[in-house]
Amino acid sequence: MTHKIVAYKMLPPDVEAYLREHAEVLNVDPRDEATFIEALKEANGAIGASIRITPAMIEGAKNLKALSTISVGFDQFDVEDLTRRGIILTHTPDVLTESTADTVFALILASARRVVELAEWVKQGNWNASIGEAQFGVDVQGKTLGIVGLGRIGGAVARRAALGFRMNVLYTNRSPNEQAEKEYGAKRVELDELLAQSDFVCLQVPLTPETHGLIGANELKKMKRSAILINASRGPTVDEAALIEALKNGTIRGAGLDVFEQEPLPADSPLLAMNNVVALPHIGSATHETRHAMARNAAENLVGALDGTLTQNIVNREVLKR
Ligand code: NAP
């Protein structure tokens, strides 16, 4: 029997064509939630990203066998609930690692060297004489980078930092990352030590109940006053109100942020008025090449999951044992 797939995000034409070779594909705009829920009721699989899929939304979806998210993060899903229902969840690790690490490094450099702020300053016609200390930034090379969550992306950031910028790398993880220790001299420390010693604190943990609000007022106080916080993980890993206070009070020097508690970032967010904040619109993996590779990978994951041939990129492997 032909698989029925709901695509709830626009796919590149060649990826959609690939899916159509293997399944009937119905394109649905998930903002029309009622239509989306109805479509899921008929579907064997669904592919998309950027929206929360709650247990209530799939309650009547009796034929649903697999969900494929076009992302590595899967905090938009209730994984335990999917496992109970016997629904496979697949994601797209690896293909986005390098471009996301580039975004992290862009934030590090832009924050330290005030690239965005000073580019705006030039455009506003303020460059009327040689620049002075008022326009100086701080060095990146040779400094200490603390990576909270040194996995795939954290590892690619550590490589850039250690080999490209001769930085010292500290990290926290629940288990050691031996490759990063060996190849990049990364040193595993407790979070408090990482916060106290790092010039740049970079979050790359998944969003889970344990990492929700991981960096709050207490943690920000433990950072150096000269330090910069970089967040390209998920907004809620940082207590945004506490961060805003810390930036206002000079508790830390600045922040480079790709993710926020609420996205899109509300126009009245105090972060937008701060010169010491670089705010990006969640562009971690957003290059033409990487987004295409992610869509292709997610499509292959879905077809493999529905055919029963998929062996990797499965979030809840337990389902396969049932
Ligand atoms: P990963 O390889 O699974 O790395 C996550 C790291 O965090 C691991 O080293 C893990 O080590 C550590 N970790 C997990 N839970 C932890 C906890 N409770 N406390 C401390 N450390 C914990 O994932 P990845 O591919 O690097 O992606 C990481 C995250 O980046 C994704 O989940 C996603 O949210 C985010 N991301 C954002 C963008 C963007 O557009 N800004 C793009 C891609 C990904 P242990 O298991 O040993 O603790």
Side-chain angles (χ1 to χ4, degrees), residues 5-9 11 15 30 36-37 40 43-59 61 64-97 99-101 103-104 148-156 173-175 203-214 231-238 258-263 282-286 290-291 293-306 310-322:
I5 289 176
V6 170
Y8 59 93
K9 188 178 169 93
L11 298 170
V15 173
F36 183 42
I37 290 171
L40 288 175
N44 306 115
I47 181 169
S50 312
I51 62 146
R52 182 168 296 284
I53 298 204
T54 63
M57 289 164 76
I58 54 172
E59 192 50 49
L64 198 58
K65 191 175 164 195
L67 291 173
S68 174
T69 181
I70 313 172
S71 61
V72 65
F74 45 83
D75 44 281
Q76 304 275 35
F77 299 86
D78 182 333
V79 179
E80 269 180 37
D81 177 75
L82 293 179
T83 305
R84 261 195 306 276
R85 293 173 195 267
I87 298 172
I88 301 171
L89 177 62
T90 68
H91 68 150
T92 63
D94 303 317
V95 287
L96 47 58
T97 294
S99 38
T100 307
T103 302
V104 172
V148 181
L150 200 163
R152 288 172 292 248
I153 298 168
N173 259 6
R174 290 164 305 179
S175 48
L203 292 176
Q204 217 57 63
V205 280
L207 177 62
T208 68
E210 301 92 72
T211 62
H212 195 279
L214 187 65
N231 190 11
S233 63
R234 287 289 184 261
T237 58
V238 175
D258 188 41
V259 291
F260 302 88
E261 281 179 356
Q262 193 187 328
E263 296 178 7
H282 201 146
I283 60 161
S285 63
T290 296
R291 284 293 172 89
M294 289 164 66
R296 176 78 199 191
N297 185 231
E300 288 172 357
N301 289 340
L302 184 54
V303 171
L306 293 176
L310 190 69
T311 55
Q312 57 183 11
N313 302 341
I314 301 170
V315 173
N316 53 350
R317 290 195 162 274
E318 310 86 89
V319 174
L320 303 181
K321 294 182 195 131
R322 291 152 55 111

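What you see is a predicted model; the values in this text were computed from it and never measured. All residue numbers refer to positions in the sequence shown, counting from 1. Computation of the quantities below employed the complete heavy-atom set of this structure, encompassing side-chain atoms and omitting hydrogens, waters and symmetry-equivalent molecules.
In this view, F36 and Y8 satisfy the ring-ring contact (aromatic ring centres under 6.0 Å, His included) rule, not counting sequence neighbours. When the side-chain hydrogen bond (donor to acceptor under 3.5 Å, both in side chains) test is applied to T103, no partner is found at least two apart in sequence or on another chain. The salt bridge (Lys or Arg N to Asp or Glu O under 4.0 Å) check on D94 picks up nothing, with sequence neighbours excluded. Considering only residues two or more places apart in sequence or on other chains, R84 meets the side-chain hydrogen bond (donor to acceptor under 3.5 Å, both in side chains) condition with none of them. For E318, the salt bridge (Lys or Arg N to Asp or Glu O under 4.0 Å) test picks out no residue, with sequence neighbours left out. Every ring-ring contact (aromatic ring centres under 6.0 Å, His included) that F74 has, sequence neighbours left out, goes to H91. Remark: H282 engages no residue in a ring-ring contact (aromatic ring centres under 6.0 Å, His included) (not counting sequence neighbours). With sequence neighbours excluded, no residue satisfies side-chain hydrogen bond (donor to acceptor under 3.5 Å, both in side chains) with T97. Legend: residues meeting salt bridge (Lys or Arg N to Asp or Glu O under 4.0 Å) with R296, ordered by chain and number and at least two apart, are E300. Scanning for side chain to side chain contact (heavy atoms under 4.5 Å, CB included) contacts around Q312 gives an empty result, with sequence neighbours left out. With sequence neighbours excluded, no residue forms a side-chain hydrogen bond (donor to acceptor under 3.5 Å, both in side chains) with D78.
With a 4.5 Å cut-off on side-chain heavy atoms, I5 and L306 count as touching.
A distance of 4.0 Å separates OG1 of T237 from CG of N231, quoted to the nearest 0.5 Å.
In summary, of the residues considered (L207, V259, L214, T211), a side-chain contact (heavy atoms from CB on, under 4.5 Å) with P236 occurs for L207 alone.
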- Between N316 and T83, is a side chain to side chain donor-acceptor pair (under 3.5 Å) present by the stated rule, with each step listed? CA-CA 6 Å; N316 53 350; T83 305; 3.2 Å; yes
- Task: Apply the test side chain to side chain donor-acceptor pair (under 3.5 Å) to residues S285 and S99: give CA-CA distance (whole Å), side-chain angles for both, the deciding distance (0.1 Å), then the verdict.
- Result: CA-CA 5 Å; S285 63; S99 38; 6.0 Å; no
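For residues 47-58, no residue pair satisfies the salt bridge (charged side-chain N to carboxylate O under 4.0 Å, His left out) rule, not counting sequence neighbours.
Around the CD atom of E80, the shell of radius 6.0 Å holds no more than 12 heavy atoms that belong to other residues, nucleotides or ligands.
The pair E59-R85 meets the salt-bridge criterion, since a charged nitrogen lies less than 4.0 angstrom from a carboxylate oxygen.
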